[in-house]
Protein chains: 2
Amino acid sequence: MLSRQYIVAVTTWGLFDTHTIRYTFGMTDDFDAFDTLFLVEVEDDDGAGAQTLSFSRSPTVLLTFAANRFTRAAAKTYAQKFGIGAVDWRMLVMLTRKPGATVTESANTIGIDKGAISRCIARLEKRGLATKGELHANGRSRGWWLTAEGRKLHGEVLREALDRQRILLDGYSEEEIAQFTDLLRRFLVNLDALTEKTSG
Amino acid sequence: MLSRQYIVAVTTWGLFDTHTIRYTFGMTDDFDAFDTLFLVEVEDDDGAGAQTLSFSRSPTVLLTFAANRFTRAAAKTYAQKFGIGAVDWRMLVMLTRKPGATVTESANTIGIDKGAISRCIARLEKRGLATKGELHANGRSRGWWLTAEGRKLHGEVLREALDRQRILLDGYSEEEIAQFTDLLRRFLVNLDALTEKTSG
DNA sequence: GATTCGATGTTGTCACGTCAATATATTGTT
DNA sequence: AACAATATATTGACGTGACAACATCGAATC
């Protein structure tokens, strides 16, 4: 049966609290079996029952929670140790991966707004970490490259990033890491489908 | 061998582009075998080689990317359809799960700043979605409850959230979903260890 | 009983990402 | 040749979360 998969861990940060929560493996409302996997039944004060998202069993909830905490902690560390933000770091990786990338290319790849990239690259240039190339034939876009100093900083932050990732993946087998990336990649593909459906 | 796990998908949004990228399964720098799993070797313009984070193989990169896109898309939809933000929605879930929760409780559970929660709950009250209870014995904290209208909105958004999640988990078996949540939960536990180590 | 301390919530400030508007140059159209 | 359409980057306005400072109240200490 499925229920054994859903042992609830009680940790220090409260997401997995079990007070007043009973899990519903039977049907109470008109949710179907699939949706029921992610619901909890809660007992209202006046005895009325209600169903809502389970934090600990919904991948989307866990995903956003994990990513937020990870980004926040990383941003803090990078700011303290290297004086750069989370986007700056991703941009260093971007320009290492694709020297000569443009603003739009970077925005699409990193997945944040081109306005933010524009400001980010201006910061990097001001700090002497990146330099611009000649204008392209289209007269508007241009490539960007890391300077020697930019490459040096990239190397330093990379060490830190790998150290952090090593801690975060502690206890994961290589196979589990491969599963993790596979699951996340498929999630991203599905996200594409979702946004197309919504915006189209 | 591992390499078969790391087939690179080429999608529309460019994260998995393979131009100028060759994967390094051998050692070139002084990174150890574990770190090498997450690195790509890129060819610089002047022929010099450099290593950097692989977007498509690093769980942390994929995680933040997926979560950012998910949150953004969800926030947009919720704002358009229901006039609430992403945090408002989480707060609706919170107050359904734990009627009478306080600001600090909610902040810890949802994982965002108590200041943001304070403003969020003020918004909800102003819109008639939540009401406050009496002050607790400590004279500062108080519980918060959803109004009938708040519960109604919660139900509507829940349908939408489940619909979206169904699309996002399309193609996942039940076992894979359980694996996904398990991997994410362990990631969160490791995050606890990391932040304790850093801030302590 | 006065003072200190801890817990909780609120508010101000800052950083940053999103969206929309704008600027500018190229390409295509008539 | 003039004009419209397109692509790209920049800039301003806005919303929101993080962090810190502050306010407030009960409890503990002396």
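Below, chain A is the first sequence line, B the second, and so on; all start at residue 1.
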Below 4.0 Å: OP1/OP2 of C:dG9 and any side-chain N or O of B:T104
yes

Length of the line joining A:H136:NE2 and C:dT27:C1', which is rounded to integer Å
18 Å

Using a strict cut-off of less than 4.0 Å between a Lys/Arg side-chain nitrogen and an Asp/Glu carboxylate oxygen, indicate whether B:R72 and A:D113 qualify as a salt bridge.
no

Straight-line distance of B:K152 NZ to B:E149 CD, nearest 0.5 Å:
7.0 Å

Can you check whether B:S118 has a side-chain N or O nearer than 4.0 Å to OP1 or OP2 of C:dT10?
yes

To the nearest angstrom, how far is B:N68 atom CG from D:dT16 atom P?
17 Å

Could you give the distance from CG (B:L63) to OG1 (A:T64), rounded to the nearest 0.5 Å?
9.5 Å

How are the rings of A:Y78 and A:F82 set to each other: parallel, tilted or perpendicular (split at 30° and 60°)?
tilted

Taking CH2 from B:W144 and C1' from C:dG9, how many angstroms apart are they, rounded to a whole number?
11 Å

Heavy-atom protein contacts under 4.0 Å, nucleotides 17-25 of chain C, coded B base, S sugar-phosphate only, - none
SBB----BB

Rounded to whole angstrom units, what separation is found between the CD1 atom of B:I110 and the P atom of D:dA18?
11 Å

A:R90 atom CZ is separated from C:dC16 atom P, nearest whole Å, by 12 Å

Whole angstrom is fine here: how far is it from CD1 in B:I121 over to P in C:dT8?
17 Å

Check the orientation of A:F180 and B:F187. Use parallel for under 30°, tilted for 30 to 60°, and perpendicular for over 60°.
perpendicular

From CA spacing to verdict: side chain to side chain contact (heavy atoms under 4.5 Å, CB included), B:V93, B:I110
CA-CA 10 Å; B:V93 174; B:I110 301 181; over 6 Å; no

